[in-house]
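A quick note: this is a predicted structure, and the numbers were derived from the prediction, not measured. Each ligand, and each atom within it, is numbered from 1 in the order the structure gives.
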Amino acid sequence: GESRGILTCLSDWRGLMQWLLCFCLSWNTTGAEIRYTVPEELSLGSVVGNIAKDLGLEVSEISFREMRIASVAGKQYFSVDLGKGELVVSDRIDRESLCGQSASCLLPLEVIIENPLQLHRVEVDIRDINDNAPHFQSSERTLKIAESTAPGMRFSLESAQDPDVGDNSLKSYTLSKNEHFSLEIKDQDDGRKVPELCLEKALDRENKARHQLLLTALDGGSPVRSGTSQIIIIVLDNNDNNPIFKHPLCKVSLNENTPQGTSFLKVEANDLDDGPNGEIEYSFGDHTAQSVKALFEIDPKTGEMYLKGTLDYESTPSYRIEIIAKDKGMPEMEGQCNVQIDVIDVNDNSPQISLTSKPSPVRENAPKGTVVALISARDPDSGDNGKVTLQIQPSYPFTLEPSISSHYALVTNGVLDRETFPEYSIEITATDAGSPPLTSKKTIPVRILDVNDNPPRFPDTAHTVYVNENNTPGYIICSVSALDMDIGDNAKISYSILDSKVQDMSVSSYTYINSDNGSIYSMHSFDYEKLKVFQIQVQAKDHGSPSLSSNVTVHVFILDQNDNAPAVIYPSAVMGSLSRVVQAMRCSVLVIQPRV
Ligand SMILES: *[C@@H]1O[C@H](CO)[C@@H](O)[C@H](O)[C@H]1NC(C)=O
Ligand SMILES: *[C@@H]1O[C@H](CO)[C@@H](O)[C@H](O)[C@H]1NC(C)=O
């Protein structure tokens, strides 16, 4: 109490003398004579007690003896009502600022009375009232907790301060209702109570990324006072979700002639995780064939699929591709889906005509329906696009007969004549049923084989030839020639003289024929006077099998020479000139009426 007394004196306006006096008086003082107990924060003028009465003084006396209060606390909290002798509150008394956290708070006062000078010690015991609420340093606190954190983990929170003492000081904490955290209070060595959050149930960022709790500190006063602090919990992401595709199977149809670079599908996967854990990259499955990779492309970022190559329904009508979505977490997680691409056939293939057998030459006398060639038609397209019909021009003596699936037989369908058409080029047209239809043509050469259907033919049915009498034997009377329209052996002709009688002798004893070239030789010297005319039947025969032949008659007239002198009955100039003509003649087409 002494040092506080000195300080009080020093601050007093009465100066050094007063201080000296005060010091000397204080020196001998012992324990307080009177103790008052008052609650803090009394309103000004409140009566603490009747100090005059308590000191055994008359009210009249205190005024006279100039009773006054010298506070030791530096500030004048009390004064004396000299009229009533009461000690009254003259300033605000805040226990917390006077005594802090100490359990008792005694305010020593000195009562000075003069004439004679007396000093009395009075103590005022300031009782705490619950005038302070618990208070948190920070009104908000943020905690970052990984979602993988195991339940049971504890997190220290800030403790609240309450300057009040005893029951009025901090007593407990409460936490707003929530399903993940509970509150535990840990008693520190220094008696402080530290609240702790205890994780009761695992967090799931994907379910709730931010939790907001309210920590309330309560004191034990009556009424209870409280202070709060917001606790924000940010749940940190763990890569605990794999990307999931919206559709496990996507089907798309693409026309065969879809141009390169066409984007035809966008796959989409979702990853509930945050940041890189939820960042998705698309790719084809590991086992995707190289041919598929060459044909299709996927944008790793957007999942958009493009056509990179050319589709061909005929080689692959459908594709099934596995698409992988991977996140960028550590370790990464993945999801997958399938994309089915159905190629729609477009009429992009012309029908093809092929010969299953080499066309065989056909005899000109072949009956109707003789098979010339086997033909097959093919169109790699499907459906109507691949339905093929074959046609040939109706003018040909051939027709197509369908046989088993898309096979046709080219058969004869009319009269063939090698001599008119030795070879046909048959144009076959194949047309598919697509829209628009595609066609293709193929020409098949068909050779017609000769048949001995033409006999040798003489240009004329009869010849007339004039021969001078007295000719030397071996002289060529004339030559006959026949033509055969056939070819080869069928056209090879042998000539012969058919036997007949001339004046009781066989004609062959007069004449001889070169069988190869039809030259007829005389084997006799003719005598006009004995034989004037005779006929030779020549047959031309081909080498066909069976052979064919035709006949021609050669009329031979013997011309008279002047070999019988002297009897000339009809001298004739005409005759002479005619004989000269005949000398050089061959079997002539000239028809000369013979003179008989
Ligand atoms: C027929 O052949 C013979 C003998 O080779 C020949 O002398 C004659 O002139 C030939 N005739 C014709 C019409 O060529
Ligand atoms: C040719 O003459 C012979 C003998 O007279 C006869 O048998 C044959 O039928 C004749 N041929 C033709 C094509 O007239």
Side-chain angles (χ1 to χ4, degrees), residues 363-365 415-420 448-528 530-559 561 577-594 596:
R363 289 164 65 85
E364 54 184 325
N365 65 348
V415 179
L416 301 174
D417 183 23
R418 191 204 63 80
E419 287 69 37
T420 359
I448 307 299
L449 293 181
D450 188 47
V451 166
N452 197 19
D453 56 353
N454 287 289
R457 270 188 217 291
F458 289 100
D460 296 290
T461 50
H463 290 287
T464 303
V465 44
Y466 301 89
V467 177
N468 287 326
E469 61 174 340
N470 302 328
N471 243 332
T472 47
Y475 164 76
I476 297 175
I477 300 170
C478 81
S479 288
V480 291
S481 178
L483 274 179
D484 195 314
M485 299 286 280
D486 294 321
I487 52 164
D489 279 354
N490 293 338
K492 200 168 171 195
I493 301 170
S494 287
Y495 299 93
S496 61
I497 292 173
L498 296 173
D499 199 29
S500 62
K501 295 275 191 250
V502 178
Q503 293 184 333
D504 297 333
M505 281 189 47
S506 169
V507 74
S508 54
S509 58
Y510 292 96
T511 54
Y512 156 81
I513 192 162
N514 183 324
S515 68
D516 291 334
N517 64 14
S519 285
I520 303 168
Y521 298 84
S522 68
M523 291 174 69
H524 251 277
S525 183
F526 299 111
D527 183 1
Y528 173 80
K530 285 185 184 148
L531 180 65
K532 288 185 180 63
V533 65
F534 68 96
Q535 283 90 37
I536 310 169
Q537 288 282 324
V538 178
Q539 185 175 60
K541 190 175 183 181
D542 62 32
H543 289 213
S545 173
S547 64
L548 295 173
S549 65
S550 58
N551 298 341
V552 70
T553 307
V554 178
H555 298 275
V556 181
F557 290 92
I558 312 297
L559 295 181
Q561 299 281 314
S577 62
L578 183 67
S579 74
R580 276 197 305 277
V581 173
V582 170
Q583 285 292 334
M585 95 172 270
R586 301 169 61 88
C587 297
S588 168
V589 290
L590 281 169
V591 179
I592 298 163
Q593 286 296 319
V596 181

Is the closest side-chain heavy-atom distance between Ser525 and Tyr475 below 4.5 Å? no
With a 4.0 Å cut-off, strictly under, does atom 9 (O) of ligand 2 pick up any protein heavy atom? no
Specify whether the nearest protein heavy atom to atom 14 (O) of ligand 2 is under 4.0 angstrom away. yes
For ligand 1, which atoms, with element, lie under 4.0 Å from some heavy atom of Ser519? 1 (C), 10 (C), 11 (N), 12 (C), 13 (C)
Among non-hydrogen protein atoms, atom 1 (C) of ligand 2 lies closest to Asn551 ND2, 1.3 Å
NZ or CZ of Lys530 within 45° of Tyr528 ring axis and under 6.0 Å: no
Would you say Asn514's side chain and Asp516's backbone share a donor-acceptor pair under 3.5 angstrom? yes
Under 3.5 Å: donor-acceptor pair, side chain of Glu364, backbone of Val451: yes
Test side chain to side chain contact (heavy atoms under 4.5 Å, CB included), reference His463, set Val480, Ile536, Val556, Val538, output is Val480
At less than 4.0 angstrom from any non-hydrogen atom of Leu498, what atoms of ligand 2 do you find? 1 (C), 2 (O), 3 (C), 4 (C)
